[in-house]
Amino acid sequence: MVGSLELHAFITRSRVLKLYRQALRIARRAPSQSRDELRQMMRQEVEKNRHCNDKQKIRFLISDGLQRIKDLDEMLDMQGHS
């Protein structure tokens, strides 16, 4: 049973890191004057929830993060930052 908990934690951590890397890649497309602030906000969000152990909250945060970077990606596309 312990192995499955460790596996679940590993998979969750991988998903969070993948989401964070994806967000940072999208942030590269933002205008240069707002890029650093955007990266800083992303980092703060990840750090703020770093020690969360509630599986349901983690699932919500990942889902919310995916939606937020999708919205950011679409907004940058509409503004012509590709």
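The chain is numbered in sequence order, starting from 1.
- In the hydrophobic clustering, Met41 connects to no other residue, as no ILVMFWY side-chain heavy atoms lie under 4.5 Å from its own.
- The minimum heavy-atom distance between Ala27 and Arg35, with the atom names listed, is O-CG, 3.4 Å.
- In the hydrophobic clustering (ILVMFWY side chains linked at under 4.5 Å, chained through shared members), Ile58 is joined by Val16, Leu19, Tyr20, Leu24, Ile26, Leu38, Met42, Val46, Ile62, Leu66, Ile69, Leu72, Met75, Leu76.
- Partners of Arg43 by salt bridge (charged side-chain N to carboxylate O under 4.0 Å, His left out), not counting sequence neighbours, listed by chain and number: Glu47.
- Members clustered with Leu61: Phe60, by chain and number, using a 4.5 Å side-chain heavy-atom cutoff among hydrophobic residues.
- Not a single side chain to side chain donor-acceptor pair (under 3.5 Å) links Asp54 to another residue, sequence neighbours left out.
- Under a cut-off of 6.0 angstrom, the local environment of CD in Gln79 is crowded, with over 12 non-hydrogen atoms contributed by other residues, nucleotides or ligands.
- For the atom pair CE of Met78 and CD of Glu74, the computed distance is 7.0 Å after rounding to the nearest 0.5 Å.
- Within a 6.0 Å radius of CD in Gln33, other residues, nucleotides and ligands contribute more than 12 heavy atoms.
- In terms of heavy-atom proximity, Arg68 sits nearest to Glu45 at NH1-OE1, 3.9 Å.
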Pair Thr12-Arg59, side chain to side chain contact (heavy atoms under 4.5 Å, CB included): steps then yes or no:
CA-CA 9 Å; Thr12 301; Arg59 280 195 299 267; over 6 Å; no
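- Atom CZ of Arg15 has 12 or fewer heavy atoms from other residues, nucleotides or ligands within 6.0 Å.
- A salt bridge links Asp36 to Arg39: at least one charged side-chain nitrogen sits closer than 4.0 Å to a carboxylate oxygen.
- With sequence neighbours excluded, no residue satisfies side chain to side chain donor-acceptor pair (under 3.5 Å) with Asn49.
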